[in-house]
Amino acid sequence: MEVYIRHLEKVLRRYVQRLQWLLSGPVLCSRTWYRQSMDRGVMMTAASGSRRLFGAVLERKVCILLDTSGSMGPYLQQVKTELVLLIWEQLRKCCDSFNLLSFAESLHSWQDTLVETTDAACHEAMQWVTHLQAQGSTSILQALLKAFSFHDLEGLYLLTDGKPDTSCSLVLNEVQKLREKRDVKVHTISLNCSDRAAVEFLRKLASFTSGRYHCPVGEDTLSKIRSLLTKVFINEKDPTLPPFEGDDLRILAQEITKARSFLWQAQSFRSQLQKKNDAEPKVTLS
């Protein structure tokens, strides 16, 4: 029982570390990384990081689809900053090739195909991002059709704040047809979790393609759980985590809750065993 409890506590610590990792950026930035980031025009800090907005990029050959319709105006400057972080923090370090594509009434791709992830390419991509502007409608279907045409593509990361300007069913049906020819995962990111119709569409789009749905944690929620992230959630009186919208955080929070339940049960069994042992008369050999 003691060994089982120690292993559960270890699992919980790992889960909490993973939660911290998903909600923040790099834990530590070396002087070299800091200097390189400043040279590129990017400030990397322990409080920043692309995973909070985009989640973790898993594939080696990816395309980022960015909604630049008029409704994205209030978010665009922050999104551009986070996208630059994504380029250097995840795409440069973890991907073999990538491309960027913005969509509104029309499409604008950074390159005509996926390009090798080099320092030079990332710097050019960063410059392209700085010139993005918000205007027009949301042509998600056209953006997906274009992205699926990129050779060797493995994963798409679609960031938007709403539904497409066409039928949601039409988009889902077309993506299913595309998936019959190309095994590409579509990961969706919502900037407006209060629009439940849009959230449902993005959840379905990710689910149909074996992708993940992600919804960034807001500042209010993040401030509430910041103190919780310093705990290991071992004691039964420790507070519970708030509900998360995004798949990664939601599943991880469910695993933490399950592990805590197993731990408390094991601790209860241990306590009962200790009481039983203490109550048994001691036998001495004469």
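Numbers here are sequence positions counted from 1.
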Value for CG (Leu100) from CG (Leu66), rounded to nearest 0.5 Å, stands at 8.5 Å
Less than 4.0 angstrom from a charged side-chain N to a carboxylate O is my criterion; do Lys163 and Asp195 meet it?
no
For the pair Glu255 and Lys258, find out whether any cationic side-chain nitrogen is under 4.0 Å from an anionic carboxylate oxygen.
yes
Is the shortest side-chain heavy-atom distance between Phe148 and Val186 below 4.5 Å?
yes
* To do: Please answer whether the main-chain N or O of Ala134 pairs with a side-chain N or O of Thr68 as donor and acceptor at a distance below 3.5 Å.
  => no
Exercise for the section: Evaluate the side-chain proximity of Ile140 to Phe201: yes if any heavy-atom separation is below 4.5 Å, no if none is. Expected result: yes
Does any N or O in the side chain of Thr257 come within less than 3.5 Å of the main-chain N or O of Ala253, such that one atom is a donor and the other an acceptor? yes
Verdict with reasoning, Leu191 to Leu159, per side-chain contact (heavy atoms from CB on, under 4.5 Å): CA-CA 7 Å; Leu191 287 179; Leu159 185 147; 3.4 Å; yes
Here the pair of heavy atoms bringing Thr118 nearest to Arg92 is C-NE, 3.5 Å
Here the gap from Ser268 atom OG to Met1 atom CE, rounded to the nearest 0.5 Å, amounts to 9.5 Å
Could you tell me whether the side chain of Gln111 and the main chain of Phe98 form a donor-acceptor pair under 3.5 Å? no
Practice item. State plainly whether one hydrophobic cluster holds both Ile251 and Leu19, where clusters connect Ile, Leu, Val, Met, Phe, Trp and Tyr through side-chain heavy atoms under 4.5 angstrom apart. Key: no
CD of Gln135 to CG of Leu76, rounded to nearest 0.5 Å, is 10.5 Å
Check: With a 4.5 Å heavy-atom cut-off, do Cys63 and Leu153 have their side chains touching?
Finding: yes
Checklist line | Check: Lys146 and Leu65 side chains under 4.5 Å, non-hydrogen atoms | finding: no
Could you walk me through whether Leu249 and Leu23 pass side-chain contact (heavy atoms from CB on, under 4.5 Å), step by step?
CA-CA 9 Å; Leu249 294 173; Leu23 287 171; 3.8 Å; yes
Side chain to side chain contact (heavy atoms under 4.5 Å, CB included) with Tyr213: of Leu205, Asp248, Thr188, only one passes, and it is Thr188
### Message
I'd like to check Leu58 versus Lys185 (side-chain heavy atoms, cut-off strictly below 4.5 Å). Are they in contact?
### Response
no
Please tell me whether Met126 and Trp128 are part of a single hydrophobic cluster in this structure, the criterion being side-chain heavy atoms less than 4.5 Å apart.
yes
Tell me whether the count of non-hydrogen atoms from other residues, nucleotides or ligands lying under 6.0 Å of CZ in Arg14 goes above 12. no
Discussion item. Quick one, Thr117 and Cys95 - any side-chain contact, counting heavy atoms below 4.5 Å?
Written reply: yes
Above 12 or not: heavy atoms from other molecules or residues under 6.0 Å from NZ of Lys204? no
Legend entry - same_hphob_cluster(Val11, Phe269) at 4.5 Å side-chain heavy-atom cutoff: yes
>> Between Glu245 and Arg196, does any NZ, NE, NH1 or NH2 come within less than 4.0 Å of an OD or OE carboxylate oxygen?
In response: yes
query: Is a donor on one side and an acceptor on the other found under 3.5 Å between the side chain of Arg18 and the backbone of Leu252?
result: no
Take atom CD in Gln133; do more than 12 heavy atoms of anything else shown fall under 6.0 Å from it? no
Residues Glu174 and Lys177 bridged, charged N to O under 4.0 Å:
yes
Notebook entry, point to check: So, Gln90 side chain and Val57 main chain: donor-acceptor pair closer than 3.5 Å or not?
Noted result: yes
In terms of heavy-atom contacts, Asp152 and Lys61 come closest through O-CD, 3.3 Å
Paired with Leu144, the side chain to side chain contact (heavy atoms under 4.5 Å, CB included) test is passed by just one of Leu101, Val184, Leu156, Thr209, namely Leu156
Interatomic distance, CG@Leu8 vs CD@Gln265, rounded to 0.5 Å, equals 10.0 Å
Closest non-hydrogen atoms of Glu89 and Lys93, given as atom of the first, atom of the second and distance, are O-CD, 3.1 Å
Nearest heavy-atom contact between Asp183 and Arg179 is OD1-NH1, 2.8 Å
- prompt: Would you call Asp247 and Arg250 a salt bridge, taking side-chain N to carboxylate O under 4.0 Å as the test?
  reply: yes
Rounding to 0.5 Å, atoms CG (Leu83) and CG (Leu53) come to a distance of 9.0 Å
**Prompt:** Is a side-chain N or O of His187 found less than 3.5 angstrom from the main chain of Tyr157, in a donor-acceptor match?
**Reply:** no
field: Common cluster, Ile256/Ile5, ILVMFWY with side-chain heavy-atom separation under 4.5 Å
entry: yes
Scanning both residues in full, the closest heavy-atom pair of Asp161 with Asn192 reads O-CB, 3.3 Å
Looking at Glu82 and Arg52, is any side-chain nitrogen of the basic one under 4.0 Å from a carboxylate oxygen of the acidic one? no
Here the gap from Arg6 atom CZ to Lys10 atom NZ, rounded to the nearest 0.5 Å, amounts to 11.0 Å
Could you check if a side-chain atom of Leu172 sits within less than 4.5 angstrom of a side-chain atom of Phe208, using non-hydrogen atoms only? yes
What one should report as the nearest heavy-atom pair of Ser137 and Ser69 is O-CB, 3.1 Å
Contacts satisfying side chain to side chain donor-acceptor pair (under 3.5 Å) that involve residues 94-104 (not counting sequence neighbours) are Arg60-Asp96
Q. Are Phe54 and Val129 connected in the hydrophobic side-chain network, where two residues link if heavy atoms are under 4.5 Å apart?
A. yes
| task | Determine whether Ile64 and Trp110 make a side-chain contact, defined as any pair of heavy atoms from C-beta on separated by less than 4.5 Å. | result | no
